[in-house]
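Keep in mind the model is a prediction, meaning the values are calculated, not measured. When reading the values below, keep in mind they use all heavy atoms of this one structure, side chains included, and skip hydrogens, waters and symmetry mates. Proteins come first, then strands; the chains are lettered A, B, ... in the order of their sequence lines, and each starts at number 1.
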Amino acid sequence: MLQSKLFTKTVKDAPKDEVAKNASLLIRAGFIDKTMAGVYTYLPLGLRVLKNIEKIIRDEVNKAGGVEILMPSMQPKENWEKTGRWETMDDLYKISDSSGRESALGATHEEVVVPLVKKFVSSYKDLPLYVYQIQNKFRMELRAKSGILRGREFMMKDLYSFHKDEEDLKKYYEVMKQVYKNIFERAGIGNETHLTFASGGSFSKYSHEFQTITPAGEDTIYVCNDCGVAINDEIINEQKECPKCGKANFKTEKAIEVGNIFELKTKFTEAFDLKYKDEGGMDMPVLMGCYGIGLGRLMGTIVEIYNDDRGIIWPESVAPFDVHLILLNESLRSTSGEIYESLQKAGVEVLYDERMGKSVGEKFADSDLMGIPYRIVVSEKSMEKGGVEFKKRSEEESSIIKKEDILNYVKKVQ
RNA sequence: CGGGGCGUGGUGUAACGGCUAACAUUUCCGCUUUGGGAGCGGACGACUCUGGGUUCGAAUCCCAGCGCCCCGACCA
């Protein structure tokens, strides 16, 4: 993409209200724009990151048998009354039309997915079933905060699994643990992200969160020094030992909850009377699990972890582009144009800063701020030294490489 | 929802209750410049969040509302 076609601009000073690093950097670099408190527009650069995250999640979830659908944001009030959550869920947005008819804006989708599945599942032969979507959720946060980490409207991957018995649910629950591990690994935050025991499970007494350690976190977790899993506040108040290895040797950390997996068991299937016929023709309750990841929150978490005083440093797997190609001298426009074409032909995603009239300093500052993993500078100076300048955003040193060798240096991940 | 802070050009800031609301940056025009937000000259851009009040006079003081941020509570 030509940088001149980006309609966004970088800004030197972050809006003074934005204290959160993720919001400050993403706004300055032109990835997002705040529409109102807790509600953000994803601009061209930000959307590309979001799509990359989406791709990783979709890929891993599909491997685990997930079947993608798209459910509506507007949902019937009656369904929410059936589960009792029309009254009990405080952060549910309720909307009404001019005739006074009320609906809910989906804060989560059990109220839609269970009646949906009921229409198609009637036999043990129809189970198990794993459906998911990547879609916007609405939650009436009384206090939206921390940039895109806690919004009122946010994109979420929510998967719902349906099973004939506890054993099958348990089995899939373990599969999803691994899926989540893979996703966070691929998104570049594998080392910082800990499987965390939380309360709320049905048969195993626990649910699980995936918590990423960073000072920007709003949760406190206790990481076991012996086995590396963590427990949250709720659990440490109930017990003093690690649920996995039994030791009681924790270090306290601030963390962001990037994912959550939960056994719902029959909580919602009972409300909608979702049953199946077993081999003997008996009606049996369907068991459920649900599994969520907030995409924007994941993006914000990545920024919180990967930045320096000059800007963002994207992991290659989610970066908006692979290469930032920067032309400094008009005399080399055709040369850099050829490099641009050949990289694109090779499947490398390139942001090409071909703008003239911008100072070198400004171009470099923009590049550092945006955080694209590889920077290639085409200039008269680099040509005198024998090629183009190649530099990783994550490293300080640059090197001169021949333009024929560029592809060897730009290793494509994913 | 309780507590605190802040609302002035797109952005960041300034202005004693008193002149045409100032400066930087952005944007536009011209020239110059080309390896870390470069220089010179010119131009555009603000009913000072909204509504009341006090005053001869309000960006400035008072009240209310709205918005945004922070702490807390809440977060299947």
At 4.0 Å (heavy atoms only), tell me whether [X] reaches a base, stays on the sugar-phosphate, or touches nothing.
X       : value
S146(A) : sugar-phosphate
A14(A)  : sugar-phosphate
T88(A)  : nothing

Take the angle between the ring planes of [X] and [Y] and call it parallel below 30°, perpendicular above 60°, tilted in between.
X       : Y       : value
Y291(A) : Y172(A) : perpendicular
Y206(A) : F197(A) : perpendicular
F250(A) : Y222(A) : perpendicular
Y93(A)  : F138(A) : perpendicular

Minimum-distance nucleotide (side-chain atoms of [X] versus [options]):
X       : options                   : answer
N329(A) : rG35(B), rC69(B), rU34(B) : rU34(B)
A37(A)  : rG37(B), rC69(B), rG35(B) : rC69(B)
V19(A)  : rU34(B), rC69(B), rG35(B) : rC69(B)
K16(A)  : rC71(B), rA38(B), rU8(B)  : rU8(B)
V377(A) : rG35(B), rC6(B), rC68(B)  : rG35(B)

Q.
Whether the N182(A) and Q178(A) side chains hold a donor-acceptor pair (N or O, under 3.5 Å, no angle test) is what I'd like checked.
A.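 Judged by distance alone, the side chains do pair up.
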Euclidean distance, atom [atom1] of residue [X] to atom [atom2] of [N] [Å, nearest integer]:
X       : N       : atom1 : atom2 : value
L327(A) : rG35(B) : CG    : P     : 13 Å
L328(A) : rU33(B) : CG    : P     : 17 Å
R28(A)  : rG37(B) : CZ    : C1'   : 10 Å
M370(A) : rG37(B) : CE    : C1'   : 13 Å
M36(A)  : rC68(B) : CE    : P     : 7 Å
F364(A) : rU34(B) : CZ    : C1'   : 11 Å
R375(A) : rG35(B) : CZ    : C1'   : 9 Å
E18(A)  : rG7(B)  : CD    : P     : 17 Å

For nucleotides 74-76 of chain B, which of its nitrogen or oxygen atoms have a protein nitrogen or oxygen under 3.5 Å away, and what is each distance?
unit_1, atom_1, unit_2, atom_2, d
rC75(B), O2, R150(A), NH1, 2.6
rC75(B), O2, R150(A), NH2, 2.5
rC75(B), N3, R150(A), NH2, 3.4
rA76(B), O3', K267(A), NZ, 3.1
rA76(B), N1, N260(A), OD1, 3.4

Interatomic distance at [atom1], [N] relative to [M], whole Å:
N       : M       : atom1 : value
rG42(B) : rC19(B) : P     : 25 Å
rA38(B) : rU32(B) : C1'   : 10 Å
rG4(B)  : rG17(B) : P     : 25 Å
rU13(B) : rG72(B) : C1'   : 31 Å
rC63(B) : rU25(B) : C1'   : 37 Å
rG67(B) : rG30(B) : C1'   : 42 Å
rA76(B) : rC6(B)  : P     : 34 Å
rC16(B) : rC74(B) : C1'   : 46 Å

Is the backbone of [Y] close enough, under 3.5 Å, to the side chain of [X] for a donor and an acceptor to pair up by distance?
X       : Y       : answer
Y340(A) : M1(A)   : yes
Y160(A) : H109(A) : yes
D308(A) : G311(A) : yes

Q.
Would you compute the distance between atom CD of Q344(A) and atom CD1 of I339(A) and round it to the nearest 0.5 angstrom?
A.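 Rounded to the nearest 0.5 Å, the CD-CD1 separation comes out at 12.5 Å.
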For nucleotides 3-5 of chain B, which of its nitrogen or oxygen atoms have a protein nitrogen or oxygen under 3.5 Å away, and what is each distance?
none

Q: Decide yes or no for M299(A) and V318(A): does some side-chain heavy atom of the first lie under 4.5 Å from some side-chain heavy atom of the second?
A: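 M299(A) vs V318(A): side chains apart.
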Short N-O contact, [X] and [Y], less than 4.0 angstrom:
X       : Y       : value
K267(A) : E110(A) : no
D283(A) : K275(A) : no
E397(A) : K391(A) : no

Q. Regarding R310(A) and the six-membered ring of F364(A), is the cationic atom NZ or CZ under 6.0 Å from the ring centre and inside 45° of its axis?
A. no
Q: Give RNA chain B the dot-bracket treatment, 5' to 3': Watson-Crick (N1-N3 with N6-O4 or O6-N4) or G-U (N1-O2, O6-N3) under 3.5 Å, [ ] crossing, | other strand.
A: (((((((..((((....[...)))).(((((.......))))).....(((((..]....))))))))))))....
Q: Report the residues that fulfil side-chain hydrogen bond (donor to acceptor under 3.5 Å, both in side chains) with E354(A), sequence neighbours left out, ordered by chain and then residue number.
A: S4(A)
Q: Let me know, please, whether E389(A) or G38(A) comes out on the 5' side of the other along RNA chain B by nearest nucleotide.
A: E389(A)
Donor-acceptor pairs under 3.5 angstrom involving side-chain atoms of residues 6-21 of chain A: please list them, not counting sequence neighbours.
unit_1, atom_1, unit_2, atom_2, d
T10(A), OG1, D366(A), OD1, 2.6
E18(A), OE2, K34(A), NZ, 2.5

Shorter than 3.5 Å, N or O on both sides, protein versus nucleotides 24-30 of chain B: list them out with atom names.
unit_1, atom_1, unit_2, atom_2, d
rU27(B), OP1, K358(A), NZ, 3.0

